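No experiment lies behind these values; they were computed from the predicted model shown. Order of listing sets the numbers, starting from 1, for every ligand and every atom in it.
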Amino acid sequence: MSGPIGIAILGSTGSIGVSTLDVLQRHPERFRVTALTAHRDVEGLFQQCLTHEPEYAVMADADAAEQLRNRLQTTGRIVEVLAGVEGLERVAALPGVGAVMAAIVGAAGLLPTLAAARAGKRVLLANKEALVMAGPLFMAAVREHRAELLPIDSEHNAVFQCLPLTFATEGLDTVGVRRILLTGSGGPFRLTPLEQLPKATPEQACAHPNWSMGRKISVDSATMMNKGLEVIEAHWLFGAPPERIEVVIHPQSVIHSMVEYQDGSVLAQLGNPDMRTPIAHALAWPRRLASGAAFLDFAQMASLEFTTPDFLRFPCLELAFAALAAGGTTPVILNAANEIAVQAFLDRRIRYTDIHTVVQYTLERVNRRAIASLAVILDDDVQARTVAGEWVAAHGGGLS
Ligand code: NAD
Ligand code: MG
């Protein structure tokens, strides 16, 4: 191979973005940082530009881009600063970029991640919402443009590691898969008495027992909407029908997911809960790289527990299974309503238990359509946000 591979990190100032930079920094002979992007954190992206010297930087809007340009000018660093979705799409498709880390949170990641697939890149997919929203379209783009899609979500990365390489062309049946078992820790409210949940605060919801993550996915982990989105993600990534995907609560987060085969074998991937492991795996695949993650110490390990999730405690998980079964744009509506609800909860406008109410309310009011085009997806996303926003406006008076 000639020279280091250029990497674009979409969402480089976030939790996954920072972990990705940490892995890349350990292997300067293998990788160079070509593009970094952030939403509005000018100072954060400025500091990353000084350390990692990308050729391109992208901010969400022209104003923030101008601020970053001015900051960089004083240092003499030459970085081309772009703005908006067009800027993100451009860096995702640069000829000098070999792999794109899709680590923007939420629906905002869809268009740039799709651009990376359409440019035939190696796509390291953390932004599960892109696949939840546009599964069939996204997978078709990957096939058509011969992109390499490698999952970063720890569960899907684990499943990928437990499948034979031929699964993508032959299908799960031919390679003998019976079930995909997605593990989840159950989050911070696994044992909280149900009657206390309405009073749960954003701080409590974001205090995940095993993983340190961005605030949106932390709340999703508490409600287990995250696992629901992951069921939909697994459906598209692995071509698995919903009845072949099972969720198992495993509070220790040591087994990151499993594949059960027809002959009774179960293959699992284990490791400490550190996103640098799946990131390094996807960067180096089919080889392996040191990631910086600590190694498992089996002598120190507590016993491993497994239970079945309770839909009474985790009603969002049930909604996600139902949305996948309903098909069409139902997962788009589910995802959009959830983004609005989670943000309103983080802003203390609604209660924790209202998240489920907002999503259910929205699903009942926005009509599902067939996924005929990207325009339909984007349109239903907007509609669902409007309806969910109306519920929040009517009921979310602001909590003390
Ligand atoms: P985060 O909130 O820490 O970071 C999000 C990044 O996206 C930031 O760089 C932010 O600037 C950028 N961003 C946010 N909104 C944007 C917008 N509208 N336009 C452009 N950029 C925007 O989130 P995270 O925890 O790193 O998660 C990122 C993605 O990875 C999510 O889809 C999440 O579900 C997925 N994921 C995260 C983890 C984890 O451990 N953090 C694990 C599995 C999957
Ligand atoms: Mg996950």
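Looking only at its N/O/S atoms, D153 has OD1 as the one nearest to the Mg ion (ligand 2). When the N, O or S atoms of E155 are ranked by distance to the Mg ion (ligand 2), OE1 comes first. For the Mg ion (ligand 2), the nearest N, O or S atom contributed by E230 is named OE2.
A donor-acceptor pair under 3.5 Å is absent between the side-chain atoms of H39 and the main chain of I104, judged by distance alone. D347 places no side-chain N or O within donor-acceptor distance of the main-chain N or O of R349, the cut-off being under 3.5 Å. Distance alone, capped at 3.5 Å, places no donor-acceptor pair between the T362 side chain and the A337 backbone. The closest donor-acceptor contact from the side chain of T51 to the backbone of Q48 lies at 3.5 Å or more, if one exists at all.
The single protein non-hydrogen atom nearest to atom 4 (O) of ligand 1 is G14 CA, 3.1 Å, given as residue, atom name and distance. With hydrogens left out, the protein atom closest to atom 17 (C) of ligand 1 is H39 CD2, 3.3 Å, a heavy atom. Among protein heavy atoms, atom 42 (C) of ligand 1 sits closest to M275 CE, 3.6 Å. Remark: minimum distance from atom 29 (C) of ligand 1 to any protein heavy atom is reached at I104 O, 3.8 Å. Of the protein's non-hydrogen atoms, A126 O, 3.0 Å is the one closest to atom 35 (C) of ligand 1. At the shortest separation from atom 27 (O) of ligand 1 among protein heavy atoms lies I16 CG1, 4.2 Å. Protein heavy atom nearest atom 25 (O) of ligand 1, with residue, atom name and distance: G214 N, 2.9 Å. If you check which protein heavy atom lies closest to atom 34 (O) of ligand 1, you get K128 CE, 3.2 Å.
A salt bridge is defined here as a Lys NZ or Arg NE, NH1 or NH2 lying under 4.0 Å from an Asp or Glu carboxylate O, and R244 with E260 fails to meet this definition. We find that D380 and R368 are not joined by a salt bridge, their nearest charged nitrogen and carboxylate oxygen being 4.0 Å or further apart. A salt bridge is absent between D220 and K227; no separation between the charged side-chain nitrogens and carboxylate oxygens falls under 4.0 Å.
Ligand 1 does not have D41 within reach: every non-hydrogen atom of the residue lies 4.0 Å or more from it. Contact between E129 and ligand 1 is present, with at least one heavy atom of the residue lying under 4.0 Å from the ligand. At least one heavy atom of A103 sits less than 4.0 Å from an atom of ligand 1.
By the 30° and 60° cut-offs, the orientation of the rings of H156 relative to F238 is parallel. Under the 30°/60° scheme for interplanar angles, the aromatic rings of H395 and W391 are found to lie parallel.
Polar contact with ligand 1: absent for D153 (N/O pair, distance under 3.5 Å). Between G11 and ligand 1, at least one pair of N/O atoms sits closer than 3.5 Å. Annotation: S15 places an N or O atom under 3.5 Å from an N or O atom of ligand 1; distance criterion only. The shortest N or O to N or O distance between T13 and ligand 1 is under 3.5 Å.
When each atom of ligand 1 is checked for a heavy atom of A38 under 4.0 Å away, the hits are 11 (O). Below 4.0 Å from some heavy atom of I217 lie the following atoms of ligand 1, by number and element: 25 (O), 33 (C), 34 (O), 36 (N), 37 (C), 38 (C), 42 (C), 43 (C), 44 (C). Interface of S12 with ligand 1, defined as ligand atoms under 4.0 Å from a residue heavy atom, comprises 9 (O).
Judged as a ring-ring contact (aromatic ring centres under 6.0 Å, His included), and not counting sequence neighbours, F311 has no contacts.
For atom 5 (C) of ligand 1, the choice among L88, V105, I152 with the nearest heavy atom turns out to be V105.
At a cut-off of 3.5 Å, with distance as the only test, no side-chain donor of T34 or E55 sits close to an acceptor on the other residue. Side-chain contact check for E339 and Q343: no donor-acceptor pair (N or O, by modelled atom type) lies under 3.5 Å.
A ring-centre distance under 6.0 Å is found for H256 and W211.
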